[in-house]
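As the structure is a computational prediction, the values presented were derived from the model and not from experiment. The chain is numbered in sequence order, starting from 1.
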Amino acid sequence: MALGDLMASRLVHSSSSSSSSSLPTPSPAAAAVALRADGDLPAANGPDPLLPAEREEEEDDGRAVGLVACLPQTVVLCEQRHDGFDEAAAAAAGPSTSGPVSKWRPKDRMKTGCVALVLCLNISVDPPDVIKISPCARMECWIDPFSMAPPKALETIGKTLHSQYERWQPKARYKLQLDPTVEEVKKLCNTCRKYARSERVLFHYNGHGVPKPTANGEIWVFNKSYTQYIPLPITDLDSWLKTPSIYVFDCSAAGMIVKAFLERLDWSSSSSTSSKDCILLAACESHQTLPQSAEYPADVFTACLTTPIKMALHWFCNRSLLRGSLDHSLIDQIPGRQNDRKTLLGELNWIFTAITDTIAWNVLPHELFQRLFRQDLLVASLFRNFLLAERIMRSANCSPITYPMLPPTHQHHMWDAWDMAAEICLSKLPQLIADPNAEFQPSPFFTEQLTAFEVWLDHGSKDKKPPEQLPIVLQVLLSQSHRFRALVLLGRFLDMGPWAVDLALSVGIFPYVLKLLQTSAMELRQILVFIWTKILSLDKSCQVDLVKDGGHAYFIRFLDSLDAYPEQRAMAAFVLAVIVDGHRRGQEACMNAGLIDVCLRHLQPENPHDAQTEPLLLQWLCLCLGKLWEDFPEAQLLGLQSNAPEIVICLLAEPQPEVRASAVFALGNLLDIGSSSMNGGDDDSDDDEKARAEINVVRSLLQLSSDGSPLVRAEVSVALTRFALGHNKHLKIVAAEYWRPQTNSLLKSLPSLANINNPSNVYSPSNFLQGSSGLSSHIGPVLRVGSDNSATGRDGRISTSSPIATNSIMHGSPQSDDSSQHSDSGILLRENASNGGLNYTRSRPIIDSGIYSQFISTMCSVAKDPYPRIASIGRRALSHLGVEQVVMRNRFGSGGAGETSSSNIGMARSSSWFDMNSANFSMAFRTPPVSPPQHDYLTGLRRVCSMEFRPHLLNSPDGLADPVLSSAAAPSTSELNILPQSTIYNWSCGHFSRPLLNNSDDNGEASARREERERIAMDCIGKCQRSSCKMTSQIASWDTRFELGTKSALLLPFAPIVVAADENEQIRVWNYDDALPVNTFENHKLSERGLSKLLLINELDESLLLVGSSDGNVRIWRNYTQKGGQQLVTAFSSVQGHRAVGRSAVIDWQQQSGYLYASGDMSSIFVWDLDKEQLLHTIQSSADSGISALSASQVRSGQFAAGFIDASVRIFDVRTPDRLVYMARPHSPRTEKVVGIGFQPGFDPYKIVSASQAGDIQFLDIRRAAEPYLTIEAHRGSLTALAVHRHAPVIASGSAKQMIKVFSLEGEQLTIIRYQPSFMGQRIGSVNCLSFHPYKSLLAAGAGDNALVSIYAEDNYQVR
């Protein structure tokens, strides 16, 4: 399978921005019945659903479809981003530079710089302690010493040994001593150490012509006249050679030397670390003699270490079936070169290397493998060959030993693979020698091993034994013929998780894949990018190697190529982002290679009308740019010159929250927090242009501060905090000085920021580019410090009649004030103030003071964000400016006088206003009670005039902080250090560390659960549609113990559980079958409380609990039925910061469209797409009063009904151009507000029910007329709640007079529930809420007086 096909078929499902990956496959039953949900979706500019030509047809369709259930297939808020994105989670997801992941990298590479060869052969003279057999092993370095004169033979053997070692380490210096004296050995050792310096020295000792080593650890050499054997203590040898060193002892009883060496190491270990740098290879144990059989050479140990292929074939030939038919001399004629893998000899050497590497990696401990097989090329070769020596010599009852000691490997099953390869080679040998031109046929060894690796990939996992073929895959990368397959299989292995990447790196894959970046093979590009993505998702430290080798250019070229899939180019962008992450050389290299232009070019669609690119690619292009610009002024300047802000700002309207957050991250890193010009420097350079670009960026970010995704808002708040640090002097000037309250007439004439915003308030690039032009025109012109002294009074105050005062009043934004009150504070501009006086310092003009005003207003709104982490960032940003959110109440001491103010929430300057000794009054800060807004009192920026400075509680439970002293200096190092950290980059990196090649839709368990739930739902719907719906039996009564009564209740569809909440936003979960509490938690810890509604999201899957607060904030929870296990999935303000809503927000949820509708005491209705977590539409209600009830259609996506405070009813459809499709006043002449509204049960989209506070319930058919076709006078002036069953033909109403009535759709009263002293002695109390079960005939009622939740069912209800 081609890699492109592999990537296309599998990676396309792995985008972190695509919601479809989380959708379980709908069951056949659901697909068959979901006729209306998917089939009735006209285009946005499609026909009006009320056209007369359609009416009759639609009426028939409604009856036909009414018999089946419409089960929505949409699933929202189940992406990776909803699992949390705080700093800890993001840090864990991002690439690491320390810890376990770095252990694969050899701590310090080393090489053997000098080799000392010492041969004590004394040819023709046998040592006295050796009795030789006949025939006896005689060959030394494959030379018969008796075939020539002894001196010549000795010299030839020495040269041959030199050449044999030189093949393994050609760059080392070689020194040879033949039959030396002690002095010659000493000189040799000293010379070698001098040459090698800190590199390793190899000392090879052949003692075949001298006695065995002594028990004291002495080897033997000669005197000058060769009449005596002279002992040479191993301690002397060690002192001359020093460390690092490696010794090879080829002599009988060589274990004696190792034993003595270890004793010396133990004795000196307290004062030396030489044991770590000393390696020993010895031919046999201390009690053993070297093999003397003539089938072996005399130096069989040396032959294995230096000529392993020849030795292995000779040994195998004597044990093979070929031994009778093969001439041993042919082994010396094997054609080819050892370093040419396309020849027989080269392939044998390649196979031998792969097998010995595999044995070592599978048997040795990780650290020992790294030290012996990856640190030094010569040491690695000797130890690979040592494994062969152990196998061959153990067959001759001789056990080679090493220090460090290795576990036995001579019986490892991989030797069978070597024997097979050797046999195939030997069988071909006669033919190849007879016909030198015969075609070489490669061995099937590597193909078979890759197949074995592929089998492991199909069945292996982290919990199983690692694939032993991994080192062989590494060797296969050297072969062009096998390389592509090996890389694809390696990519599959790396995709199994970080543990697999760590294993592959520990084997030594890194230098191979680094080298492959220099190839120009087109077919390897995609898989190489994938492999590097996996490596860098684990270990960021590889960025240094990539830049050093110029690897970054490879990925920039790939990113710029249009023939690759977008998902693969996103991986290249990820690799480049890691390369530049915190690495200045990487940033410089990528900037010089044109990465900024490449990224910006691909962020723009070629045709403006085309759909945008793959979201994952857009996301990583932005993150790559952000990391390139991060703390790198040169790149920031280049980005500004390349028009980057305008290009990236267009992405702020993208539907995927990850893309929007990444775009914010990129824009935030364009803000230079270290620029002196931003802090009032005096140089008149080109910084004004840069500052203007930054202001334009900030304007765009301010508009995104109320985005529906916490992921996006968190990045906005981090970026704005960077802006606050960079512009802190100007911001402190704007926020620092506030004046006495202006006259109410002046203040009431000020425009509201709510009216300055675009009425539609829909995200669009044009809106972002316009920025706050309208706002700045209201707030004021460019402020110049000290430019107009006439505007300043004697005491330094700005005159209220001066232009600078009237045009530069600091507005209180609806986003920052719960009661839509404006600030009454003027702005005093000054550099230094003392005792109320003003000292001017000439400074450069502020570009636009309006942006600073809007910034502070927005940050106050951020500081109250419903998502805790974002609110914390907002409070920290305000504290940098010396502004704290406080709750104030004036308090007067003895002798004090003045008017009493109600509790106001605003901002306080956190520094002393006047000499503290002169204070004659104080101020206390406390949490306000929940109360209606007081419009007479104006809040905003307030000077703290108190001596009672208490500890600074930035993270206090209610989200408010007491004032604290702070200076107005430029950003200090400590301020920069506590800059909140962006999480989008590290969090996004986690995507690539997860499996990408597995089909993410393969969630059989979730599909099975959904299919079962659909079946249950269908059964229940059928039963409830046929039932009598007389709710006469109270099956449960639960005292919730809410102090303020039950405000909302919700029955879960597939468990006997009811969720209830009160006005203080305490949420309690109860099992009504077992009568046991399940869970209790607070919706939030802020002081402002008030509940609007509870809703259930994804009820057919893993359901989520949506809790709507009365201020418009929405919080959505998962695991809410687990005791203490609830987790906040997302939170946002559904009314876009419109505090005019007061305490009366209303919301409803439409599962099939994924829309959340929100409004309140305002003229706007907000339509949120929870899949995109984005405001989709802002619909103007065109009514004179606010909205008191909302209900979404369960049949038509995008259609909803609204009931108004003035008793009118309207139906809207977001798919139609005019939005409004129906309007009526069914309750006239009554004018009491609509308490409840809903589409009638079944699947007719044209019939609604509306109930007003006056007590009447009106049934409307929007196709017929504006007049109701049925009216029920349910309650007299006290109706408090209405519930409409989703499927059963029944509605219920509740009143403040402790009464619930249940009606059929024909108006028949089915049940009346009132106080019954015979039942448990409890009255139901004033009815606050009513809620039907989604699929059963169950009704939950919440009482206000005694906080009871009662559940009613039909008489035949059975407990499960």
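Judged as a side chain to side chain contact (heavy atoms under 4.5 Å, CB included), and not counting sequence neighbours, the contacts of Ala396 are Pro291, Tyr296. Under the ring-ring contact (aromatic ring centres under 6.0 Å, His included) criterion, Tyr554 pairs with no residue, sequence neighbours left out.
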- Please walk me through it: do Gln469 and Thr358 pass side-chain hydrogen bond (donor to acceptor under 3.5 Å, both in side chains)? CA-CA 7 Å; Gln469 297 83 12; Thr358 300; over 6 Å; no
- Message: As a quick check of understanding, evaluate side chain to side chain contact (heavy atoms under 4.5 Å, CB included) for Leu202 and Leu382, giving each step before the final call.
- Response: CA-CA 11 Å; Leu202 185 146; Leu382 289 176; 3.4 Å; yes
- Task: Would you please test Lys534 and Asp539 for salt bridge (Lys or Arg N to Asp or Glu O under 4.0 Å) and show each step?
- Result: CA-CA 9 Å; Lys534 286 298 177 180; Asp539 195 347; over 6 Å; no
- side-chain hydrogen bond (donor to acceptor under 3.5 Å, both in side chains) assessment of Thr243 paired with Ser245: CA-CA 5 Å; Thr243 56; Ser245 56; over 6 Å; no
- Show your reasoning for whether side chain to side chain contact (heavy atoms under 4.5 Å, CB included) applies to Ile359 and Trp415. CA-CA 9 Å; Ile359 293 173; Trp415 285 120; 3.6 Å; yes
- side chain to side chain contact (heavy atoms under 4.5 Å, CB included) between Tyr247 and Ile257: does it pass, once the steps are laid out? CA-CA 10 Å; Tyr247 297 87; Ile257 310 169; over 6 Å; no
- Message: Run Glu347 and Ile351 through side chain to side chain contact (heavy atoms under 4.5 Å, CB included) and show every step you take.
- Response: CA-CA 6 Å; Glu347 187 182 56; Ile351 293 172; 4.0 Å; yes
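A heavy-atom distance below 4.5 Å is found between the side chains of Ile279 and Arg200. The closest side-chain heavy-atom distance from Cys317 to Ile331 is below 4.5 Å. The closest side-chain heavy-atom distance from Phe352 to Leu388 is below 4.5 Å. Two residues are said to be in side-chain contact when any heavy atoms from C-beta on lie closer than 4.5 Å; Phe530 and Leu997 meet this criterion.
Between Asp376 and Lys111, none of the side-chain N atoms (NZ, or NE/NH1/NH2) sits under 4.0 Å from a carboxylate O, so this pair counts as no salt bridge. Salt-bridge annotation for Glu295 and Arg319: present, with a side-chain N of the basic residue lying under 4.0 Å from a carboxylate O of the acidic one. Using a 4.0 Å cut-off between a side-chain N of Lys or Arg and a carboxylate O of Asp or Glu, Arg374 and Asp357 qualify as a salt bridge. Ion pair Arg1118/Asp83 flagged as a salt bridge, since at least one NZ, NE, NH1 or NH2 atom sits closer than 4.0 Å to an Asp/Glu carboxylate oxygen.
Across Phe453 and Leu490, no two heavy atoms sit closer than the pair CE2-N, 4.2 Å. Nearest heavy atoms, His991 versus Arg994: CA-NH2, 3.1 Å. Scanning all heavy atoms of the two residues, the minimum distance from Arg371 to Cys278 falls at NH2-O, 3.7 Å. Considering every non-hydrogen atom in both Leu538 and Asp502, the closest pair reads CD2-N, 3.8 Å. Looking at every heavy atom in both residues, Tyr512 comes nearest to Leu478 through CE2-CD2, 3.5 Å. Nearest heavy-atom pair across Gln475 and Phe446 is CB-CE2, 4.3 Å.
Aromatic ring centroids of Trp418 and Phe445 lie 6.0 Å or more apart. Ring pair Phe558/Trp532: centre-to-centre distance not below 6.0 Å. Less than 6.0 angstrom separates the ring centroid of Trp499 from the ring centroid of Phe493. Taking the six-membered ring for Trp and the full ring otherwise, the centers of Phe301 and Phe249 sit at least 6.0 Å from each other.
The backbone N or O of Val578 sits less than 3.5 Å from a side-chain atom of Gln543, completing a donor-acceptor pair. Listed for the Trp456 side chain is a donor-acceptor partner under 3.5 Å among the backbone atoms of Lys465. In this structure a side-chain-to-backbone donor-acceptor pair under 3.5 Å is missing from Ser479 to Val476. Using a distance-only test at 3.5 Å, with no hydrogens or angles considered, no donor-acceptor pair links the side chain of Lys428 to the main chain of Glu423. Using modelled atom types, one side-chain atom of Asn385 and one backbone atom of Ser381 make a donor-acceptor pair closer than 3.5 Å. No donor-acceptor distance shorter than 3.5 angstrom exists from the side chain of Asn1119 to the backbone of Gln1127, with no hydrogens or angles considered. At least one donor-acceptor pair closer than 3.5 Å links the side chain of Gln568 to the backbone N or O of Tyr565.
For the side chain to side chain contact (heavy atoms under 4.5 Å, CB included) with Leu406, the qualifying choice from Leu368, Ile401, Val363 is Leu368, the only one to do so. Of the options Gln80, Arg81, Gln619, a side-chain hydrogen bond (donor to acceptor under 3.5 Å, both in side chains) to Glu658 is made by Arg81 and by none of the others.
Interatomic distance, CH2 of Trp168 versus CG of Leu305, reported as 9.5 Å (0.5 Å rounding). Taking CZ of Phe992 as the start and CE of Met571 as the end, the distance is 6.0 Å to the nearest 0.5 Å. One distance of note links CG of Leu524 with OG1 of Thr519; it measures 5.0 Å at 0.5 Å rounding. The distance from the CD atom of Gln338 to the OG1 atom of Thr343 is 9.0 Å, given to the nearest 0.5 Å. Rounding to the nearest 0.5 Å places CG of Leu426 at 6.5 Å from CZ of Phe316. Rounded to the nearest 0.5 angstrom, Trp361 CH2 and Met414 CE are separated by 12.0 Å.
Few gaps surround CE on Met110; more than 12 heavy atoms of other groups in view lie less than 6.0 Å from it. The number of heavy-atom neighbours closer than 6.0 Å to CD of Glu1005, taken from other residues, nucleotides and ligands shown, is 12 or below. Other residues, nucleotides and ligands contribute at most 12 non-hydrogen atoms within 6.0 Å of the NZ atom of Lys259. Atom CD of Glu1012 has more than 12 neighbouring heavy atoms from other residues, nucleotides or ligands inside a 6.0 Å radius. Around the CG atom of Leu477, the shell of radius 6.0 Å holds more than 12 heavy atoms that belong to other residues, nucleotides or ligands.
No donor-acceptor contact under 3.5 angstrom links the side chains of Arg109 and Gln375, judged on distance only. Side-chain contact annotation: Thr409 with Glu390, donor-acceptor N/O pair under 3.5 Å present. Under 3.5 Å, the side chains of His413 and Glu468 contain a donor-acceptor pair of N or O atoms.
The side-chain hydrogen bond (donor to acceptor under 3.5 Å, both in side chains) pairs that include a residue from residues 442-451 are Thr451-Arg485, where partners are two or more places apart or lie in different chains.
The aromatic rings of Tyr985 and Trp620 sit perpendicular, their planes meeting at an angle over 60°, well past the 30° parallel limit.
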